[in-house]
Structures are given as C-alpha cells and as structure tokens.
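See below for the structure under consideration.
Naming: A, B, ... by sequence-line order, numbering from 1 per chain. Everything numeric here is computed off the predicted structure, so don't read it as measured data.
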Protein chains: 2
Amino acid sequence: MNRKTPGKRVRAKQRRLSADDRRNEFVAKATELFAEEGFGGGTRALARKLGVTQPLLYRYFPSKDDLIKEVYRKVYLEPLEIGWERLLSDRSRPLRARLQEFYEIYTDAIFNRKWLRIYLYSGLKGLDINRWYVGMVKDKILTRILRECRHDAGLATQSRPGAAELELAWVFHGGIFYYGVRKYIYEAPVLEDKAQMISDALDIFLAGFERMAESATDRRRTPVKVVG
Amino acid sequence: MNRKTPGKRVRAKQRRLSADDRRNEFVAKATELFAEEGFGGGTRALARKLGVTQPLLYRYFPSKDDLIKEVYRKVYLEPLEIGWERLLSDRSRPLRARLQEFYEIYTDAIFNRKWLRIYLYSGLKGLDINRWYVGMVKDKILTRILRECRHDAGLATQSRPGAAELELAWVFHGGIFYYGVRKYIYEAPVLEDKAQMISDALDIFLAGFERMAESATDRRRTPVKVVG
DNA sequence: ATCTCTGGTGATCGATCGATAAACTGACCC
DNA sequence: GGGTCAGTTTATCGATCGATCACCAGAGAT
C-alpha cells in the first residue's frame, strides 16, 4: 500500500467550493458540454471541465438524468426572464415597434450556440418540457401577437385565434427562428443585420395579416391553391 | 441475378441474403434506428432490427462510421431525385403555380419523421455534408426562386441575388421548413392542410417581394423599414 | 455426394459508460 | 491542539459499446 508515495505528490490543488456554487458550476458546464456533444456526453468529460473527479457529480445529483433535467430547466426558463407580456401588450406604443423590439430581445436571448443546440437536442428526445415550451410560444407569444394585430386592424378580439392565422404566425415565427439555426447550428452565412432581418420579416407578416383580415371580411376571396 | 429466393420456406434459423440486398437492408434499418436514437444508436440494436447478429455488420461496413456516412448519403440525396430545376424554371407556367407545386413536392419528400430527424441530428454534428446541403438549397432553390420572381416582376435578372432579398427567401423557406419540424419532431398540432399553409406562406412572401421590388425601383415610396 | 465459396454466428477483447463504497482532506469550531 | 463535518478523491463494479477472430452452414457447381 504505497498510497502515500514519498516525494511531494503535486496533486492539482484541491479547490473546495460551497455546495451551492459547485452545484451551479456542474449545471453550467454540463449545459456547455451537452450543447456540444449532445446528452450522450460523458460524466467524466464533464468532471474534467470542472477540474474535479467524476464521482463528485453524484454528491450533487442522484443520476446523470437528474443533471440533465436541471439543464433543461435552466435553458428553457432562461428566455422567459425577459417578461414579454408587458412588451407585446403595451398598447400605448405602436404595434410595429412593439413587435420589432420583442423579437430583437427574444432573439438576443435564444440566438446563441448553447441555447439553440440544447433546444434542438432536447426537442429530438421528444420530452414533455419541449412540448410545454412550444405550447408556451403559441399561447404567450403568437396568440398574443395575433390578438394585438386584430385589435390594431379594428377587428373583433376573439379569445382564440383561428387555425389559419395561427399558422401564418407560426410560419413567420419559424422563419425568424430558422435564421438562428442557420447562423449558430449550420454556421452558414446570414444577413448580419439581425434587426433588419426581423424588420423585413415583420413587413411581410404584417402585410400578410392585413390581406388575410381583408379577405376575412370580404368574402369574395377565392382559394389560392393551384395544382399543376 | 442471384436474387432467386427458393420456394423453400423462410427458415427462422438463418436467412441468407445476397450481399447487395443485405447491405441495403443495413442502410435502410440504420436510417430508421439513427433517426430515432441518434447516431449513438447501437450496432446490436441495429442487428436486432434485421434479425441477424451484430458482427455481420462488419462484413459490409469497415466501421460504424462508414455505415453512418452511407446513411447520410442516402438521406441527403433522397429529396434531390425530384428534379426541381425544370419545375421552378418552366416559364410557360405562372410563377405562383410553379412555386406552389415545387414546395408541395419538396415537402412531400422531406416532411417525414425519418428524414427530418436524420437531417437535424447530422446538422448538430456539424458535418460538411450538411453545409453542402444548405448551400445547395440556397443555390438551387432560393436563388432560382428569386431569379424567377425578378423576371416575373420585370426586373433585371442579376446573376446573384442581393443579401436582403436572399434573407427574405430564407425566412420564407425556413418558415415552411419549421412547419415540418413542428409536426414531425415536436409532434405539435399544426394546420393539417399543408397545401394551404404553403399557399398562405407564398402569399405573404410574394407580397413582400413585390413591395421590396417596388421600393427598389420606385424611390418615391417610403422605405418599408420602420424602426421602433 | 461432395467441394467450395460466402453469408452468417458465437465467443470475446479492450475501452468506456454510469454509478457506488470507502478513504482522504481541508476548513471551521472549541 | 484535536475533533468534526462536508467536500473531494481513489478504487472499482457491472453493463454496454465498437470491433475482431475463428468457425459454421447453406446454396450452386461439378
């Protein structure tokens, strides 16, 4: 048993942290690791990132899955901290300006490699939290936007949006989202001016909504579907 | 030629296939497996899907990575088999009809759980083939669409599209793509009529392009960009 | 019937995975 | 100083991974 080998064993300084700090560090670094490697990333690689040994993880989380759940929680709750309800529904400001500002702030929060990759990885796992987030985008963002658009156009404010206009909002929202995917996941060249992209997307969305609103009140509209 | 399965009953014990057939079966089932589990899916699980033993895989592929590359090749080349060049550039037909038909056919090819999941998983791995595909969408689809739009609007046909209008096309394309993601990855409820969704998206894209074209040629108009 | 070629199996290796138990160590308290 | 407790490490387990090797077995040719 030569565990105490003579000679100054220059072990890496054992850095002791408080339980809370260490736990937060685990979650933070795990987010980085899983963002890059997916949730198959190893606990040993994670420990290496912290400069500690692998079993230490299990002092703070019962299992790797529990750690992953914490990562989910943190990532999915991050963009919610910006309080968009007030932003979208503040009718003292022009609708266009509200939408522009909201999407600039919202994309500032989620358009980064870490967030987008975790979001896509967890989406592929098909977990409930992902469906919850998508449902929240629908209820808290798109539905709200449509309500404001309808109010702005002098239309009746229904409690729930129609399926067609909701789809319109989704395509708009998805188009913006895909900008982030192209830039941070595919690392493809994009128009650098994000605000300009949002502005242009808003232009065509609002124009499309107007047209839809018009044709909704004016019933002579014919189906646009054309089949070759 | 050696494809003759004898009238003899298929024996559960050992099913012999020709080398080509077996190889194709490996690629096909691997696509299914990796679509669900990601590329971390095990070779043993794959063998189980074929009803064979795991080492057999290595008679047909030097390594798991080579199998994965075959899966890439097959998946990424699948939607290319529809020959969209003729479809988008056939000026004997109205532009609107061409675009509608193209996107209906294109989405028929890629809007399914298997294709989308493989695409996203491989995108997250950041491989060259993914960048190649994105570049191809840009060059073969979006650039072509913009050229046709410009021609349709009586504008000069530049060799390369401007950054702003290319971004417009990307947001439009991404919005449609995201419809597939919502339906087949997030399994969220979507507007069931896909053709209708495409039609609506086309409406606002074309309207947006027109407006952009107008403000580009007719300088009296106020710029569409509004900054809040 | 037997030979031969090749598709297919059984056994197993080394690496790596998540997880556990026990020992160690540093900081704080008296 | 010595005790104590929480943070950390060492050692290791069982499962699973990709991959390799020797061997088996079925179908066509002779």
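- Distance CG (B/D65) to P (D/dC17): 16 Å, rounded to an integer number of Å.
- The distance from atom CZ of A/R16 to atom C1' of C/dG26 is 4 Å, rounded to the nearest whole Å.
- Put simply, the side chain of A/R160 never gets that close to the backbone of A/T143: no donor and acceptor are under 3.5 Å apart.
- Here the C1' atom of nucleotide C/dC17 and the CZ atom of A/R48 are 13 Å apart, to the nearest Å.
- Straight-line distance from the CG atom of B/L57 to the P atom of C/dG8: 12 Å, rounded to whole Å.
- Closest to the side chain of A/K64, out of D/dA19, C/dA21, C/dG18, is C/dG18.
- Remark: B/R22 is not in phosphate contact with C/dG7, judged by side-chain N or O atoms under 4.0 Å from OP1 or OP2.
- A cation-pi arrangement is absent between B/K183 and B/F111 under the rule of less than 6.0 angstrom and at most 45 degrees off the ring axis.
- Contact annotation: side chain of A/R59 to base of D/dT8, donor-acceptor pair present below 3.5 Å.
- Per the geometry, OH belonging to A/Y60 stands 19 Å off P belonging to C/dG18, to the nearest Å.
- Between B/T53 and C/dG8, a side-chain N or O to OP1/OP2 separation shorter than 4.0 Å is absent.
- Distance check: A/E25 CD to A/S18 OG gives 10.0 Å after rounding to the nearest 0.5 Å.
- Atom CG in B/D20 sits roughly 14 Å away from atom P in C/dT6 (whole-Å rounding).
- Put simply, CZ on A/R44 is 16 Å from C1' on D/dT8, counting in whole angstrom units.
- No option in A/K29, A/R23, A/K64 other than A/R23 meets the salt bridge (charged side-chain N to carboxylate O under 4.0 Å, His left out) test with A/E70.
- Residue A/L17 is classed as a sugar-phosphate contact, given heavy-atom separations below 4.0 Å to backbone atoms only.
- Atom CG of A/L56 is separated from atom P of D/dA11 by 17 Å (rounded to the nearest Å).
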